[in-house]
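Working notes, beginning with the structure itself.
Model, not experiment: these values are computed from the prediction.
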Amino acid sequence: PPPAPSPETSLGRVEAPATPSYRPVRADRAPKIDGVLDDAVWQSAPKDNHFYSVNSTPYGQPAKEPTVVQVAYDERYLYVAFRATYSSPGERDDSVAPDELALFESTESVGVQVDARHDRTNAKAFYVNRLGDRGDSDRSQNGNADNPDWKGIWDVGVQATADGWV
């Protein structure tokens, strides 16, 4: 594998301690995209809960609220499932994102960046908040250049739960 990137970018921003990578499981059947994780693939997909905040000061602090991700794939698609829970149920952010930038910067959201070229400098980014507002962008130059005009083709399903959202 290529060497780990330096923790400092050309802008001096400190990156999260480690760039996580996931080994997705193969889905025999495509899961239903509905915000309910009762499909067979989600019963077998490994779970990871190592998340970092992109809005913390300093940058890259561990996430304050428990979040779990699972990743799966089939011949055509990549599937990513998040379960975001609250340490104090009932405390949630129902802010509506007026645009994609606000979705990422000022609402409670989860996201995934896919480095399909494996070059550690470019990625397609996909974000969603608990209300189902979506945002995506084409990121390049180690995340220092972002093209929010790029529009990916993807589906999302969001469901509120008693202690968070999926």
- Spell out, as yes or no, whether a donor-acceptor pair under 3.5 Å connects the side chain of Arg130 to the backbone of Ala84. no
- Message: Going by side-chain hydrogen bond (donor to acceptor under 3.5 Å, both in side chains), name the residues that satisfy it together with Thr161, two or more places apart in sequence or in a different chain.
- Response: Asp163
- Query: Just by modelled atom types, is the Gly152 backbone N or O under 3.5 Å from a matching donor or acceptor in the Asp136 side chain?
  - Reply: yes
- Query: Looking only at heavy atoms, which two atoms of Val156 and Ile33 are closest? And how far apart?
  - Reply: C-CG2, 3.6 Å
- Query: Can you tell me how far the CD atom of Glu65 sits from the CZ atom of Phe51, to the nearest 0.5 Å?
  - Reply: 13.0 Å
- Task: Under the side-chain contact (heavy atoms from CB on, under 4.5 Å) rule, collect the residues that match up with Ala125, sequence neighbours excluded.
- Result: Gln113, Tyr127, Ser137, Arg139
- side-chain contact (heavy atoms from CB on, under 4.5 Å) involving Asp119 - partner list, sequence neighbours excluded: Asp115, Arg117, Thr121, Asn122
- Query: Within the distance-only criterion (no hydrogens, no angle test), does the side chain of Gln43 pair as donor or acceptor with the backbone N or O of Leu37 below 3.5 angstrom?
  - Reply: yes
- Partners passing salt bridge (Lys or Arg N to Asp or Glu O under 4.0 Å) against Lys47 (at least two apart in sequence or in another chain): none
- Test side-chain contact (heavy atoms from CB on, under 4.5 Å) on Val128 and Val110 and set out the steps. CA-CA 6 Å; Val128 63; Val110 293; 3.9 Å; yes
- Query: Under 4.5 Å between side-chain heavy atoms, hopping through other hydrophobics if needed: is there a path connecting Phe82 to Tyr86?
  - Reply: yes
- Supply the atom-to-atom distance Asp133 CG to Ser109 OG, rounded to the nearest 0.5 angstrom. 10.0 Å
In residues 69-81, what donor-acceptor pairs under 3.5 Å come from side-chain atoms, sequence neighbours left out?
unit_1 : atom_1 : unit_2 : atom_2 : d
Gln70  : NE2    : Trp42  : O      : 2.9
Gln70  : NE2    : Ala45  : O      : 2.8
Asp74  : OD1    : Arg76  : N      : 2.9
Asp74  : OD1    : Tyr77  : N      : 2.8
Asp74  : OD2    : Tyr79  : OH     : 2.6
Glu75  : OE2    : Arg26  : NH2    : 2.5

- Using the salt bridge (charged side-chain N to carboxylate O under 4.0 Å, His left out) rule, collect all pairs that involve residues 29-41, keeping only residues at least two apart or in two chains. none
- Contacts of type side-chain contact (heavy atoms from CB on, under 4.5 Å), residue Ala40, not counting sequence neighbours: none
- Cluster link Trp154 to Trp165, ILVMFWY, side chain under 4.5 Å: yes
